[in-house]
Amino acid sequence: MGKFDVAWLDKKNIRRLLENVSWYFDDEVLEDETLLRLKKEIINWLQLPIVNKRENAGVIFSKQSINKSMNEAYKIEKLKKTEQFLITGETNIALLYGFYGFLRSIQYDDKEYPIISVPSQSLRMVNQWDQTDGSVERGYAGASIFFGDINKLGNIDLGSFDVQEESIDPFRHDISRVEFYARMLASVGINAIVLNNCNVRGLGIKLIVESYLDGVAKISQIFSEFGIKIFLSINWAAPKYLSSLKTTDPLDKSVQEFWKKICDDIYEKVPKFGGFLVKADSEGEPGPYQYGRNHAQGANMLASAIQPHGGLIIWRAFVYDSRQDWRDRSTDRAKASYENFIDLDGQFDDNVVLQIKFGPIDFQTSEPITPLFGKLKNTNQLIEFQITAEYLGHQIDVNYVVPQWLKMINFDTKNQYNGSTALVKDVIKENSKNYVNSGFAGVSNVGMDANWTGNKLAQANLYGFGRMCWDNEVSSDCILKEWISLTFNRTTLKSQKSIFKILATSNNTYKKYTAPLGVGFMVVPHFHYGVSVNGYEYDKWGTYHFADRNGVGVDRTLSTGTGFTGLYSDAVSAMFDNIQTVPEDLTLFFHHVAYSKKLSNGKTLIQTIYDNHFEGYDTVQKYIDIWRNLKGTIDKDTFDNVSVCLNKQQENALEWRDQINTYFYRMSGISDELGRTIYR
Ligand code: GCV
C-alpha cells in the first residue's frame, strides 16, 4: 500500500515532545472499543507506555462530567503540585477527543491550561462523494480511499461521473490509510461519515445488501473505534433495482417492507451503522415526487424503517428543477430549496435531518445564506459545506475556505423572537426538533494522493472544517495558525508566517479574480475549473448572469426582480434589497446593476470589476514570490507540490482576469480608469 502524508498528526514531533511520558487510566474508566482505541493510540501509534500507578504517569485520564448536554466535552488541566496533566470527560469518546486536544496543545504553544472544550454542534459529519469504481465525484486528490482497485489511483475528471469498470469486490481494503483517515477525522472532532456519493450509481446501489455488508462492516469497525458512525447514500429507486418491485412509492406497503428488511440486515452486520443519506428528486435522481408524494412522506417512510435501530435519515434539501429555460426570467433556482421544504416544516420525523447547502445555489465563491436557516422552526437540520474545491479552484488554486464558512455560520438571520441575534450556528440547533440530530456536514476533499488532498495546502480545509464544527467560536486565523504549526512543525517561525500570509488571504484572492461580486457560475461547464463567461448562460441549470450592454447581475429584489429577497426575515430582506446595503460581494447575486453605477465602496461597478481582477492576479504573483523564498525551509515534496500548483494557479488567474475584463469592457465600452491592459 502506498505511502501517505502524516498531515497534522506528526507522531515524530509528538514523541519528541512527550519523550518518556507515560499514561494512566483511573479505575472508573471502563473498557469499550473507544477506550481500546485510545490505548492503541498511545501504545501502538505513539509507542508510549501506559502505567499502573497514577503517581508514575505524566498524563492521567479520569472520568468526570464536563458539560451536562454535551457528553463529548473534555477538560485538560495541569496539576499544580505534581505537574501531571489530567484529561477528564464523561465518556470514553470525550477522553479520546481530550487526548487529541492534548496533543494539539503541547505542539501549539499558544494554549493555556485548563482547556475546557465543549463541541458546539452535535453532528459533525463528512460526506464522501466516492464511487464504487474508485472515482470521486468532484474529487481532486486521486481515487477513492475506500473503493477501487489498488492499481488504479488516479481520478480522471471526465466532466461526467457515470461509473466505469468496477471490480466484483469494490472495496480497496487499504486498511492503514482508512485507519489514518479515521484518526485525522477524530482528531478534529468529526463523528459521522457518509462513505459513498449521494448520486448513487453502479454497485453503489448494492452496498446496502448482504454481499457487500461485510466490506461496509470492516470500514465501520475502524471508524466506530474512533467514535465515528458510518452512513451510506442510497438510491431512492433501490427497491426497483434490487427486488422485483415495480414501484418506489413511499406509501406502498411492499416498499416499506423492502426498506425494513434492508435496515434489519444492515444492523445485523453493522451494529454501529449511522443511517442513510438521500439525494432525491434532484439533478435526475429519482424521488417521491414521481408518485405525487412530498419529501416528508419519502423521508419518513425510511425513518420508520430505520427507527427501531436508532438510525438517522439525512435528507438533502438540494432539490431544484434542473431543466430551466434561460428565456424565462421569472423562475429563480435560488428559491427552489425554500419552496420545496418550507411547508414541510414540522412534518419530518424525529430521526430525519434535513441537510441544507449553505447557499441557495451551489457552493459558489460568494453566496448569501440559504433562507431556510432561521425560517425552518421545527426540523432537524444540518448545514452543508463543500470542503472539496469544486468551484473554488480544484485544490490547484490555493484557497483556505474557513473564512467564508465562518461568515455563513455567523450570519444573523434576524429571525429573532425577542430582539436577540439569531445566528445561523445557533438557529440550526435551536430550530431542530432535537439538537442531538443537528449540526454541520462537509463534502470531503481527500483521495489516494500521497498528501491526501492534491495540493498539500488544501489539508487546511479538512482540518479547519472539523475544528469549526467542534468550536464555532474559534477564528479562521486561529485555526490556520494551529494547522500550520502542527503541519510545518520543523520549519522556522518566519516560514510559518509566510505560509499563513498566503493562506489567510487566499479565499478573498480567489474570489477577486473569478466571477465578480457574487454573480457566480462563469466557469467551464461540467468541470467547473477555469473561466467561461457564458458557459452556463444559455443552459438548463438556472445559473445565469444576464450581462448586457448596460449592466450585469440577477435582479432578485422584491419590487422588480424574482422576489427571492422576500424569503428572508424583514430586516435581512431589506438589507439585500437595497443596493446601498447589500454586502459588496453579493451585489450581483441580488441586483442587475448598471456598469456606471457607483457602489457603496465609492467606485463604479465596472471599475470594481477591473480592480478586483487586477488585484487578484497580482496577489497570486506575490504568493509565488513568497513561496519561492520557502525553498529549503520546508520539505521538498511539499515545496515542489505547492510550487507546481501555484504556477497553474497563475495561469488560471491570468485567464480569468483577462477574459472577465475583456468581456465587460466589450459589453460596456468603458475603459479602465487606471489605463491597465485590457484586451479588446
Ligand atoms: C454530487 C453540484 C455538483 C454535483 C453534485 C451536486 C450535489 O451540482 O456539481 O457534482 O453531485 O452538486 O450536491 O448533489
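The chain is numbered in sequence order, starting from 1.
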- Asp174 vs Ile145, side chain to side chain contact (heavy atoms under 4.5 Å, CB included): CA-CA, chis, key distance, verdict: CA-CA 7 Å; Asp174 191 343; Ile145 64 168; over 6 Å; no

- Query: Between Trp470 and Tyr97, is the ring centre distance below 6.0 Å?
  - Reply: yes

- Task: Take Asn196 and Thr132 through the side chain to side chain contact (heavy atoms under 4.5 Å, CB included) test and state the conclusion after the steps.
- Result: CA-CA 8 Å; Asn196 60 320; Thr132 40; 6.0 Å; no

- Message: Rounded at 0.5 Å granularity, tell me how far CG in Asn351 sits from CG in Asn437.
- Response: 7.5 Å

- So, does Asp349 use its side chain to make a donor-acceptor pair with the main chain of Ala303 at under 3.5 Å? no

- Minimum heavy-atom distance between Leu382 and Ser438, given as atom pair plus value: CD2-C, 4.3 Å

- Note on the structure: With Trp405 as partner, the option from Phe363, Phe465, Phe411, Phe358 fulfilling ring-ring contact (aromatic ring centres under 6.0 Å, His included) is Phe465

- Message: Angle between ring planes, Trp236 versus Trp315, binned at 30° and 60°: parallel, tilted or perpendicular?
- Response: perpendicular

- Of all the heavy-atom pairs spanning Gln355 and Ala441, show the shortest one and how long it is. OE1-CB, 3.6 Å

- Query: Does a donor on one side chain sit under 3.5 Å from an acceptor on the other, for Thr388 and Tyr140?
  - Reply: no

- Query: Is the charged tip of Lys206 near the ring of Tyr212: under 6.0 Å from the six-membered ring centre and within 45° of its axis?
  - Reply: no

- Task: Spell out, as yes or no, whether a donor-acceptor pair under 3.5 Å connects the side chain of Asp325 to the backbone of Arg327.
- Result: yes

- Item | Stepwise side chain to side chain contact (heavy atoms under 4.5 Å, CB included) test for Tyr320 and Ile361 | CA-CA 9 Å; Tyr320 69 99; Ile361 306 276; over 6 Å; no

- Task: Check for a donor-acceptor pair, side chain of Asn71 on one end and backbone N or O of Asn67 on the other, with a separation under 3.5 Å.
- Result: no

Give every donor-acceptor pair under 3.5 Å between a side-chain atom in residues 268-277 and any protein atom, sequence neighbours left out.
| unit_1 | atom_1 | unit_2 | atom_2 | d |
| --- | --- | --- | --- | --- |
| Lys269 | NZ | Glu210 | OE2 | 3.3 |
| Lys269 | NZ | Asp214 | OD1 | 3.0 |
| Lys272 | NZ | Glu33 | OE2 | 2.5 |

- Query: If only atom types and distance count, is the side chain of Asn191 paired as donor or acceptor with the main-chain N or O of Leu123 below 3.5 Å?
  - Reply: no

- Item | Side-chain touch Phe258/Leu242, heavy atoms, less than 4.5 angstrom | yes

- Side-chain donor-acceptor pair under 3.5 Å between Ser330 and Asp328, yes or no? yes

- Provide the closest heavy-atom pair for Gly154 versus Ala143 in the form atom of the first, atom of the second, distance. O-CB, 3.4 Å

- Query: Do you know which of Asp162, Asn197, Asn199 makes side-chain hydrogen bond (donor to acceptor under 3.5 Å, both in side chains) with Gln131?
  - Reply: Asn197

- Task: In plain terms, say whether Arg124 and Glu72 are close enough for a salt bridge, that is, a side-chain N and a carboxylate O under 4.0 Å apart.
- Result: yes

- Item | Shortest non-hydrogen separation from Gln364 to Leu392 and the atoms involved | C-CD2, 4.3 Å

- Taking it one step at a time, do Lys40 and Glu225 satisfy salt bridge (Lys or Arg N to Asp or Glu O under 4.0 Å)? CA-CA 10 Å; Lys40 275 199 255 174; Glu225 289 178 13; 3.3 Å; yes

- Query: Is the centre of the Tyr536 ring less than 6.0 Å from the centre of the His528 ring?
  - Reply: yes

- Note on the structure: On a heavy-atom basis, the closest approach of Cys198 and Trp129 is SG-NE1, 3.7 Å

- Query: Is there a donor-acceptor pair closer than 3.5 Å between any side-chain N or O of Thr543 and the backbone N or O of Phe521?
  - Reply: no

- Query: When you measure from the side chain of Lys414 to the backbone N and O of Tyr568, does any donor-acceptor pair fall under 3.5 Å?
  - Reply: no

- Cation-pi, Phe226 ring and Arg183 (6.0 angstrom, 45 degrees): no

- With sequence neighbours excluded, what pairs up with Lys261 under the salt bridge (Lys or Arg N to Asp or Glu O under 4.0 Å) test? Asp265

- With sequence neighbours excluded, give me every side chain to side chain donor-acceptor pair (under 3.5 Å) pair touching residues 335-344. Tyr289-Asn340

- Spell out, as yes or no, whether a donor-acceptor pair under 3.5 Å connects the side chain of Asn461 to the backbone of Ile387. no

- Would a distance-only check, ignoring hydrogens and angles, find a side-chain to backbone donor-acceptor pair under 3.5 Å from Asn155 to Val136? yes

- Message: Can you tell whether the side chains of Glu137 and Arg201 come within less than 4.0 Å, N to carboxylate O?
- Response: yes

- Looking at Ile234, Leu213, Asn235, Leu232, which one forms a side-chain contact (heavy atoms from CB on, under 4.5 Å) with Leu207? Leu232

- Do the non-hydrogen side-chain atoms of Tyr181 and Val126 ever get within less than 4.5 Å of each other? yes

- side chain to side chain contact (heavy atoms under 4.5 Å, CB included) between Val209 and Ile262: does it pass, once the steps are laid out? CA-CA 7 Å; Val209 299; Ile262 290 279; 4.1 Å; yes

- Message: How about CD on Glu31, more than 12 heavy atoms from neighbouring residues, nucleotides or ligands closer than 6.0 Å, or not?
- Response: yes

- Is a side-chain N or O of Asp345 found less than 3.5 angstrom from the main chain of Asn378, in a donor-acceptor match? yes

- Query: Can you check whether Leu203's main-chain N or O pairs, donor with acceptor, with Glu166's side chain at less than 3.5 Å?
  - Reply: yes

- Closest approach of Val200 to Ile205 (non-hydrogen atoms, all atoms of both residues): CG1-N, 3.5 Å

